[in-house]
Amino acid sequence: MSKTQPEVIHGGGDIQNTDHKRGKKRKRKGGDAGVDLRKGAGKVTKFDDEEQPIEEIIPSTVPTTSTETPKPADPGQLVHAKYGEAPNAEQRLKGHQPKQPEKQTGKQPNHVRDEREKQKEQPKKVPSRPWKTANGGQSTYQSHHLIKKRDELLPKRKALPIWPQADSIRQRLRENNVLVLTGETGSGKSTQVPQFLQSEDWCIKTIAITQPRRVAAISLARRVSEEMGSLFGAQSPTAKVGYSVRFDNAAGPNTKIKFLTEGMLLQEMLRDPEMKQYSAVVVDEVHERSVNVDLILGFLRNLISKIESGKGGRKHPLKVVVMSATADVEGLVNFFAEGLEQDQKALETSSVPKTISQATRDRISTCFVEGRQFPVKTTYLPEPTLDWVECALKIIFQIHYKEPLPGDVLVFLTGQDKIEALEKLVNDYAAAMDTGMPKLLALPLFAALPQQAQQRIFQPTPYRTRKVILATNIAETSVTVPGVRFVIDCGKSKIKQYRSNLGLESLLAKPISKSAAIQRQGRAGREAPGQCYRLYTENDFKALEERTMPEILRCDLSQSLLTMKARGVNDVLHFPFLDQPPRETLGKALMQLFHLGALNEDGTINDLGIKMAKLPVTPMLARIIVEATNPEFDCLLDVVDIISALSTEDSIFFNIATEEKREQAEEARRNLYRREGDHMTFLATVQQYAEEQTDRKAWCERHFVSHRAMQSVMNIRKQLRQQCIQLKLLSSEAPTSNSTPNTDAILACILRGFVSNTARLCPDGSYKTFFRNQLVAVHPSSVMHGRKIKAEAIVFSEFLFTNKSYAKKVSAVQMNWVEDVMKEVVPM
DNA sequence: GAGCACTGC
């Protein structure tokens with residue numbers, strides 16, 4: 001048996017997985033030969049040692065704590081897969097979402113439905129009649145395979161902490177419509193709760209279960225379909241388990257359990273406010289408090305109040321399960337109870353009732369499930385330190401000298417600069433270690449790191465080596481690092497905060513919250529008892545905030561408010577927010593929407609606003625798209641290309657580490673760079689990439705452009721074009737690429753969306769914003785950075801404060817253009 | 001001369 005998790009997690013046996021395994025086998029055979037997996041690439045030997053136990057590979061001289069090592073197939077660990085560990089690996093290796101077979105939307109023949117009904121009565125029975133697969137044949141074999149897998153998984157499911165509570169959970173939801181379920185990490189709640197509910201009498205429609213991240217939605221869906229012995233997603237229209245994430249909808253007419261990202265559920269709520277296609281909505285990972293989760297909870301609270309007071313148009317029940325890892329049960333119960341109480345007292349009264357009666361509170365069920373976590377011993381610094389990089393270095397070596405192998409170290413740092421600094425230090429000191437010592441392998445981990453480098457944390461630790469993973473808070477939620485027994489926590493993380501009065505985002509290292517510190521600490525106890533070193537004093541810990549400030553209190557609300565308005569929530573000031581954003585922030589966001597032309601003077605949404613809300617981009621970018629359809633400008637396709645590039649998360653022009661490489665890259669990118677600025681540079685890049693028909697990957701390599709980013713750009717571009725056709729902004733005829741882009745028209749449109757992000761050149765060569773006269777520097781990542789001849793005015797699509805105010809994604813404009821748009825937007 | 005982490009019709 002292998003002790004590594006990724007293999008345990010998928011086992012689905014598709015080609016990617018097999019490759020993944022092979023890669024690791026080679027690696028393991030290579031043993032202490034080195035770290036670089038790619039060395040052996042291509043030379044596939046034999047794989048008959050597939051099941052060779054790790055003990056036979058690692059000589060017995062290596063100190064192990066094998067008695068503490070949990071069973072590799074621990075279902076508790078499998079649940080963690082939703083944090084994206086293995087599928088993340090798989091997916092990121094591919095560079096984009098796994099391609100699903102063509103969606104099959106054909107109507108279900110009656111016999112299939114009958115099968116479904118039968119199965120519902122006797123969930124353990126196998127459908128006697130194998131379904132037809134797209135390629136025919138194989139289905140019987142496949143069905144046996146699925147059932148075998150399902151039966152194998154059943155004992156593991158039964159061992160999950162949540163299993164004994166199944167009846168209790170079902171009972172509580174029969175009594176009440178809302179259940180608040182606190183399930184610690186490893187309890188199995190995400191995979192089991194939907195399965196507990198699917199055979200209930202009230203459950204005649206689909207169960208939706210939301211996830212903050214795409215990979216989590218997909219990997220959970222795969223896991224649950226295996227546990228149910230069902231096909232998965234788009235494999236067959238009869239599949240009972242599906243998922244829906246951006247660019248990839250794998251749910252069909254027979255989907256009983258559907259995992260979706262929070263954003264997708266919100267979009268569905270726009271089309272179907274009463275959620276008639278669902279019998280239950282399970283909101284998972286509520287403790288992460290994403291903006292989307294807050295909106296979903298507000299909408300659900302309104303909907304439940306409406307249903308319970310008999311006003312809804314729904315014909316069948318709707319059950320809501322709110323699942324959280326931390327125990328803020330009280331807050332969530334009160335939140336929903338308040339909705340019920342308020343409804344009884346007639347919705348007109350806007351004042352929130354101060355007291356909630358016990359009777360109302362009893363209408364919200366609660367449930368607590370313990371997790372599966374090993375104890376973690378925590379150590380604090382006796383005195384505070386300023387240099388925690390140095391401090392982390394000492395502790396790493398202290399652990400390495402004192403503690404037996406295996407046991408990797410995970411260090412939480414704030415950002416790339418600190419990670420790279422510490423990486424260098426660890427490597428330098430490790431090189432000077434006594435040759436008799438086990439080796440140390442420092443592995444950086446942050447989102448901007450190329451995928452291949454990120455994958456290294458999943459490769460098995462080489463012989464007589466201890467991994468030291470140096471990570472940002474990507475390792476807190478998104479990536480589960482296997483093999484960690486020691487955590488070092490610097491107590492800080494970089495947080496993005498939007499200041500609506502300045503229209504500026506800041507990205508600064510701030511102290512983390514207690515719950516984040518506990519989350520980090522817990523990463524040491526996933527596989528065995530662990531240790532956590534906090535690089536601050538116990539008093540510092542006690543002084544931390546209890547919870548991380550929810551995102552909704554620190555982000556630009558204009559997009560959320562536009563979504564709400566489009567869904568018919570006009571009075572956004574009285575929307576039930578779990579945490580009420582300051583009135584001023586709401587007001588600023590409303591003003592912004594008004595200036596963008598999305599709202600009427602009375603604050604109601606207009607046709608333009610409805611169109612903007614339907615575009616999957618920020619309101620500013622949506623306004624630019626609509627502006628481009630103005631006959632005066634007529635540059636929609638070019639603008640869509642630019643917006644696609646602006647809205648991809650990873651940068652198209654990745655950073656280059658060494659000086660000589662950088663010069664090489666500048667040279668290679670020269671025919672992409674445009675003197676008009678970043679936006680026209682993006683346009684040239686997208687268009688040249690799109691024109692490349694033979695080998696786009698090679699094109700990217702030649703131009704030092706990120707292929708992964710460009711694939712994502714093309715996905716967004718396709719989606720935006722489709723949406724433009726639906727909104728009748730674009731005629732459906734095949735779009736033809738323009739001869740020469742009309743720069744002036746394009747920049748005029750960009751100006752319309754970003755009037756407030758404009759600055760003029762001052763005599764001393766600096767830029768100051770038009771509105772607030774605030775000093776702003778052109779970011780070094782811009783093609784406009786360091787120009788000798790400076791533009792008289794600039795427009796920028798990002799405004800960020802780190803060590804000073806930076807304009808990112810900048811274009812040169814003429815002073816009178818800015819004045820013209822300003823007159824139009826804010827008539828004086 | 002610099003880059004916390006997610007996500008959507």
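To find a chain, count down the sequence lines: A is the first, B the second, and so on, and within it residues start at 1. Just so it is clear, the structure is predicted and the values come from calculations on it, not from any experiment. Basis for what follows: all heavy atoms, side chains included, without hydrogens, waters or symmetry-related copies.
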**Message:** When you measure from the side-chain N and O atoms of A:Arg214 to the phosphate of B:dG8, is any distance below 4.0 Å, counting only OP1 and OP2?
**Reply:** yes
**Item:** Test side chain to side chain donor-acceptor pair (under 3.5 Å) applied to A:Gln416 - qualifying residues, sequence neighbours left out
**Value:** A:Glu420
**Request:** Could you state the atom-to-atom distance from CZ of A:Phe654 to C1' of B:dA2 in whole Å?
**Result:** 16 Å
**Message:** If the condition is side chain to side chain donor-acceptor pair (under 3.5 Å), which residues does A:Lys768 pass it with, not counting sequence neighbours?
**Reply:** none
**Request:** Could you pick out which residue, A:Ser244 or A:Leu800, lies toward the 5' side of DNA chain B when each is mapped onto its nearest nucleotide?
**Result:** A:Leu800
**Message:** Applying a 4.0 Å non-hydrogen cut-off, can you work out what A:Thr472 is touching in the nucleic acid: base, sugar-phosphate, or nothing?
**Reply:** sugar-phosphate
**Request:** Give A:Gln722 one of three labels, base, sugar-phosphate or nothing, depending on what nucleic acid heavy atoms sit under 4.0 Å from its own.
**Result:** nothing
**Request:** Check whether any side-chain nitrogen or oxygen of A:Thr477 sits under 4.0 Å from OP1 or OP2 of B:dA5, and answer yes or no.
**Result:** no
**Request:** Pick base, sugar-phosphate or nothing for A:Leu615, based on heavy-atom distances below 4.0 Å to the nucleic acid.
**Result:** base
**Set of residues satisfying side chain to side chain donor-acceptor pair (under 3.5 Å) with respect to A:Gln559, sequence neighbours excluded** = none
**Selected nucleotide, minimal atom distance to A:Gln559 side chain, candidates B:dA2, B:dC4, B:dG8** = B:dG8
**Distance below 4.0 Å between A:Ser290 side-chain N/O and B:dC6 OP1 or OP2** = no
**Message:** For a quick check of understanding: with a heavy-atom distance under 4.0 Å over all strands, which category does A:Glu262 fall into, base, sugar-phosphate or nothing?
**Reply:** nothing
**Side-chain heavy atoms of A:Met323 within contact of A:His287, under 4.5 Å** = no
**Prompt:** NA contact type, A:Ala509, heavy-atom cut-off 4.0 Å: base, sugar-phosphate, or nothing?
**Reply:** nothing
**Item:** Interatomic distance, A:Arg271 CZ vs B:dG8 P [rounded to whole Å]
**Value:** 14 Å
**Prompt:** Could you give the CG-to-C1' distance, from A:Leu445 to B:dA5, as a whole number of Å?
**Reply:** 11 Å
**Item:** Selected nucleotide, minimal atom distance to A:His779 side chain, candidates B:dA2, B:dC4, B:dG8
**Value:** B:dA2
**Message:** Using a heavy-atom cut-off of 4.0 Å across all strands, would you classify A:Thr802 as base, sugar-phosphate, or nothing?
**Reply:** sugar-phosphate
**Complete:** A:Leu507 has its side chain closest, among B:dC4, B:dA5, B:dG8, to B:dC4
**Asked** Where along residues 410-417 of chain A does a heavy atom come under 4.0 Å from DNA chain B, residue by residue in number order?
**Response** A:Gly415, A:Gln416
**Message:** Side chain of A:Val245 only, heavy atoms from C-beta on: which candidate in B:dC4, B:dG8, B:dC6 is closest?
**Reply:** B:dG8
**Prompt:** Once you round it to whole Å, what is the distance between P of B:dG8 and CG of A:Asn249?
**Reply:** 12 Å
**Residues that A:Ser782 engages under side-chain contact (heavy atoms from CB on, under 4.5 Å), provided they are two or more places apart** = A:Asp678, A:Val778, A:Met784, A:Val810
**Message:** Tell me whether A:Glu505 is salt-bridged to A:Arg554, with the criterion being a basic N under 4.0 Å from an acidic carboxylate O.
**Reply:** no
**Asked** Counting side-chain heavy atoms from C-beta on, which of B:dC4, B:dA2, B:dA5 comes nearest to A:Lys494?
**Response** B:dC4
**Complete:** Here the distance between atom C1' of B:dC4 and atom CD of A:Glu476, to the nearest Å, is 10 Å
**Prompt:** Which of these nucleotides, B:dC4, B:dT7, B:dG1, is closest to any side-chain atom of A:His785?
**Reply:** B:dG1
**Request:** Nearest whole angstrom, please: distance from the C1' of B:dG1 to the CZ of A:Arg662.
**Result:** 8 Å
**Prompt:** Rounded to the Å, how far apart are A:Leu727 CG and B:dG8 P?
**Reply:** 19 Å
**Message:** According to side chain to side chain donor-acceptor pair (under 3.5 Å), who are the partners of A:Asn803, at least two apart in sequence or on a separate chain?
**Reply:** A:Tyr806
**Message:** In this structure, how many angstroms lie between the C1' atom of B:dA2 and the NZ atom of A:Lys418, rounded?
**Reply:** 14 Å
**Asked** Which listed nucleotide (B:dG8, B:dT7, B:dA5) is nearest to the side chain of A:Pro616?
**Response** B:dG8
**Prompt:** Shortest non-hydrogen contact from A:Lys808 to A:Leu800?
**Reply:** CD-CD2, 4.2 Å
**Asked** Mind checking whether A:Phe682 and A:Phe653 have parallel, tilted or perpendicular rings, split at 30° and 60°?
**Response** parallel
**Request:** With the side chain of A:Asn803 defined as its heavy atoms from C-beta on, choose the nearest nucleotide among B:dG1, B:dA2, B:dA5.
**Result:** B:dA2
**Request:** Determine the contact category for A:Val291: base if any of its heavy atoms lies under 4.0 Å from a base atom, sugar-phosphate if only primed atoms, P, OP1 or OP2 are that close, otherwise nothing.
**Result:** nothing
**Message:** Need to verify one output field. Residue with the more 5' nearest nucleotide on DNA chain B, A:Thr563 or A:Asn473?
**Reply:** A:Asn473
